[in-house]
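Start at 1 and go down the list; that is how both ligands and their atoms are numbered.
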Amino acid sequence: MQALILAGGEGTRLRPLTSTIPKPVVPLVNRPFIVYMLEWLRGHGVDDVILSCGFMADAVRAVLGDGAELGISLRYLEEPRPLGTGGALKFAQELLDERFFMLNGDVLTDVDLSAQLEQHERTGARATLALVEVDNPSAYGLVRLDGDGAVREFVEKPDAEEVDTNLINAGAYILQRDALEAMPPAGTTVSIEREVFPRLVGAGLFGYPASGYWLDIGTPARYLQGTYDILEANVATEMGWQLSESSRPRIAAAANVEGRVVAPSLVADRCEVVAGAIVGGRTVLGPGAMVGRGAHVEGSVLLAGARVGARSVIRSAIIGAGAHVGDHCHIEGGVVLGEAVKVGSGNVLMAGARIFPGVDLPDGAIKF
Ligand code: GDD
Ligand code: MG
């Protein structure tokens with residue numbers, strides 16, 4: 001079975017992480033994010049994946065190659081400019097099979113695509129959308145269903161007063177190629193959510209209310225939530241199964257740990273946790289990260305080569321690759337430091353502050 005993954009967005013809501021790394025390969029629990037999607041797809045019989053890229057496509061290709069390591073054939077399509085979710089689909093037309101999956105490339109999920117496919121076949125649909133429930137549908141595509149599972153209405157990013165159901169588009173579709181016929185010609189910018197699905201209502205558009213885990217990882221808060229959920233095996237992933245085999249934190253053999261690591265946590269190769277430091281729970285240290293004497297890192301992610309100075313406290317924060325946090329700093333509340341940021345000692349950063357790559361904060365500059 002074939003799958004087309006849309007991975008051409010700029011990931012603006014995940015900046016500054018996505019200022020230097022394209023969203024599909026941002027490390028999540030030390031693996032390129034999209035690998036979770038590829039393993040999930042493979043588990044439902046997908047062996048042929050077309051990755052629809054735009055932004056930093058070469059960087060994605062450099063990380064994932066031809067997919068051989070994952071046992072999937074991986075091909076890349078590069079749009080000349082972002083064509084939107086529908087334009088990207090049309091751009092891929094020549095390569096598409098009669099029936100295929102189409103996925104938003106930023107969801108962490110274990111929904112049952114095989115059951116969705118079964119329903120798709122039973123109803124003879126032209127398009128079947130996986131639907132999930134969320135507390136607040138306003139940032140998503142709201143879907144109203146008829147009793148027989150046909151979609152009655154599709155409202156992208158509904159206003160508060162339009163919200164009368166919690167069911168939203170999960171960004172996982174099964175499409176028949178003939179659903180593309182009525183679309184504007186290739187090369188035009190088209191939103192599948194605003195221009196294609198509303199037109200398919202009454203013409204073979206069905207919804208499949210899915211159960212299971214589902215999260216769009218596109219903001220720092222949700223990126224951290226996804227990290228915790230993989231570590232705690234709330235979502236079915238191969239990484240989570242490996243981690244939950246034991247109640248002890250997972251520490252790579254080539255890490256040097258003299259401080260304390262609290263499960264669930266993952267400590268990669270070449271990390272250093274100095275005596276008196278506490279790491280965890282729900283914490284991921286990327287390769288070569290360092291936590292200094294008496295520092296405390298909790299509910300956070302340190303990407304490769306990030307360093308935290310002595311007696312600093314890091315909580316619910318993301319520290320970018322190669323970023324350095326000085327001594328006696330306090331960083332919490334969804335703060336994101338971009339790649340190679342330097343935070344001098346004695347700084348206090350809170351409430352979702354985002355520091356862009358390469359910025360150098362002098363000692364004691366911010367006491368927010
Ligand atoms: N190739 C390509 N070209 N991909 C694109 C483009 C483009 O021009 N624009 C967006 N994408 C990709 C993004 O990289 C992402 O993986 C996916 O399409 C969806 O775009 P987002 O920008 O993340 O959309 P959203 O999260 O606001 O809303 C979408 O996802 C929700 C579920 O997470 C919609 O499909 C909603 O209906 C849905 O509920
Ligand atoms: Mg999204």
Side-chain angles (χ1 to χ4, degrees), residues 3-15 17-18 21-26 28 32-34 36-38 49-57 59-61 75-93 95-96 101-109 111 127 129-144 151 153-158 162-163 165-173 175 184 186-198 200 205 207-210 213-223 225-226:
L4 170 69
I5 304 182
L6 294 192
E10 286 186 43
T12 47
R13 288 164 292 188
L14 208 49
R15 283 182 190 154
L17 285 184
T18 45
I21 324 171
K23 187 157 72 167
V25 290
V26 165
L28 183 68
F33 165 69
I34 205 141
Y36 294 94
M37 292 197 73
L38 295 173
V49 173
I50 302 166
L51 212 52
S52 166
C53 300
F55 190 64
M56 294 197 269
V60 178
R61 200 193 308 257
R75 289 181 283 172
Y76 299 82
L77 261 185
E78 244 178 282
E79 298 152 43
R81 61 187 170 83
L83 294 172
T85 48
L89 168 62
K90 193 77 180 176
F91 190 72
Q93 187 163 10
L95 300 179
L96 295 172
F101 289 111
M102 174 169 165
L103 299 310
N104 285 350
D106 60 355
V107 291
L108 176 65
T109 178
V111 305
L129 321 180
L131 309 176
V132 290
E133 285 187 19
V134 295
D135 291 338
N136 178 10
S138 61
Y140 304 100
L142 177 140
V143 178
R144 300 193 182 102
V151 172
E153 239 174 325
F154 190 107
V155 191
E156 183 65 14
K157 311 284 187 298
E162 291 179 284
V163 173
T165 169
N166 289 334
L167 271 190
I168 60 125
N169 167 27
Y173 323 129
L175 299 179
T188 6
T189 303
V190 179
S191 155
I192 199 169
E193 296 87 349
R194 295 180 193 275
E195 296 166 66
V196 181
F197 293 149
L200 276 175
L205 183 65
Y208 164 73
Y213 180 94
W214 183 89
L215 183 74
D216 175 329
I217 61 133
T219 66
R222 296 205 293 256
Y223 171 90
Q225 189 61 52

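Among the atoms of Val107, none of the N or O lies under 3.5 angstrom from an N or O of ligand 1. Between Ala170 and ligand 1, no N or O atom pair is found at a separation short of 3.5 Å. For ligand 1, the polar-atom distance check finds an N/O of Gly84 within less than 3.5 Å of one of the ligand's N/O atoms. Polar contact check, Pro82 against ligand 1: no nitrogen or oxygen pair lies under 3.5 Å apart. On a distance-only criterion, Leu83 and ligand 1 share at least one N/O pair closer than 3.5 Å. Taking any N or O of Trp214, backbone or side chain, none lies under 3.5 Å from an N or O belonging to ligand 1. Ligand 1 has a nitrogen or oxygen under 3.5 angstrom from a nitrogen or oxygen of Asp216. Polar contact check, Asn104 against ligand 1: a nitrogen or oxygen pair lies under 3.5 Å apart. Inclusion of Gly171 in the set of residues having an N or O under 3.5 Å from an N or O of ligand 1 is not warranted.
Residue Leu95 comes nearest to Arg75 through the heavy atom pair CD2-NH1, 3.8 Å, listed as atom of the first residue, atom of the second, then distance. In this structure, Gly141 and Glu156 approach most closely via the heavy-atom pair CA-OE1, 3.3 Å. Heavy atoms only, all atoms of each residue included: Glu162 and Arg144 are closest at O-NH2, 2.8 Å. Residues Ala88 and Leu6 come closest through the heavy atom pair CB-CD2, 3.7 Å. The shortest heavy-atom contact between Pro184 and Thr188 is CB-OG1, 3.9 Å.
Both the backbone and the side chain of Ser52 come within 4.0 Å of ligand 1, judged by heavy-atom distances. With a 4.0 Å heavy-atom cut-off, ligand 1 is reached by no atom of Thr189. In Phe91, neither the side chain nor the backbone holds a heavy atom less than 4.0 Å from any atom of ligand 1.
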* Go through the steps for Trp214 and Val134 under the test side chain to side chain contact (heavy atoms under 4.5 Å, CB included), then give the verdict. => CA-CA 9 Å; Trp214 183 89; Val134 295; 4.0 Å; yes

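Looking from atom 37 (O) of ligand 1 to the surrounding protein, the closest heavy atom is Glu156 OE1, 2.6 Å. Annotation: atom 23 (O) of ligand 1 to nearest protein heavy atom, Asp106 OD2, 2.8 Å. Ranking the protein heavy atoms by distance from atom 4 (N) of ligand 1 puts Gly8 N, 3.0 Å first. At the shortest separation from atom 20 (O) of ligand 1 among protein heavy atoms lies Thr85 CG2, 4.5 Å. Given atom 11 (N) of ligand 1, the protein heavy atom at minimum distance is Gly9 N, 3.6 Å. Among protein heavy atoms, atom 38 (C) of ligand 1 sits closest to Asn169 O, 3.2 Å.
The line from OG of Ser138 to CD1 of Ile168 is 10.5 Å long, rounded to the nearest 0.5 Å. Once rounded to the nearest 0.5 Å, the distance linking CZ of Arg13 with CD1 of Ile217 reads 11.0 Å. The CD1 atom of Ile5 sits 11.0 Å away from atom CG of Asp106, with the distance rounded to the nearest 0.5 Å. Atoms OH and CD1, on Tyr173 and Ile192 in that order, are 5.5 Å from each other to the nearest 0.5 Å.
At least one heavy atom of Arg13 sits less than 4.0 Å from an atom of ligand 1. Residue Phe197 places every heavy atom at 4.0 Å or more from ligand 1. In this structure, Ala7 counts as a contact residue of ligand 1, since one of its heavy atoms falls inside 4.0 Å of the ligand.
Close contacts of ligand 1 with Tyr173, meaning ligand atoms under 4.0 Å from a residue heavy atom, involve 35 (O). Applying the 4.0 Å criterion to heavy atoms of Ala88 picks out, from ligand 1, the atoms 1 (N), 2 (C), 3 (N). Numbered from 1 in the order shown, with element, the atoms of ligand 1 that lie under 4.0 Å from a heavy atom of Gly105 read 16 (O).
Looking only at side-chain heavy atoms (C-beta outward), Pro220 and Leu14 come within less than 4.5 Å of each other. Considering only heavy atoms from C-beta on, Lys90 stays 4.5 Å or farther from Val190 through its side chain. Side-chain contact check for Thr165 versus Val143: every heavy-atom pair is 4.5 Å or farther apart. Residues Leu131 and Leu129 are in side-chain contact: their nearest non-hydrogen atoms beyond the backbone lie under 4.5 Å apart. Under the 4.5 Å side-chain criterion, counting only non-hydrogen atoms from C-beta, Met37 is not in contact with Val49. Between Tyr36 and Thr109, every side-chain heavy-atom pair lies at or beyond the 4.5 Å cut-off. Looking at heavy atoms from C-beta onward, Tyr140 lies out of side-chain contact with Asn169 at the 4.5 angstrom threshold. Val60 is listed as a side-chain neighbour of Tyr76, based on a closest heavy-atom distance under 4.5 Å.
Excluding waters, the set of protein N/O/S atoms under 2.8 Å from the Mg ion (ligand 2) reads Asp106 OD2, Asp216 OD2.
When Lys157, Glu193, Glu79, Met37 are checked for heavy-atom proximity to atom 28 (O) of ligand 1, Lys157 turns out nearest.
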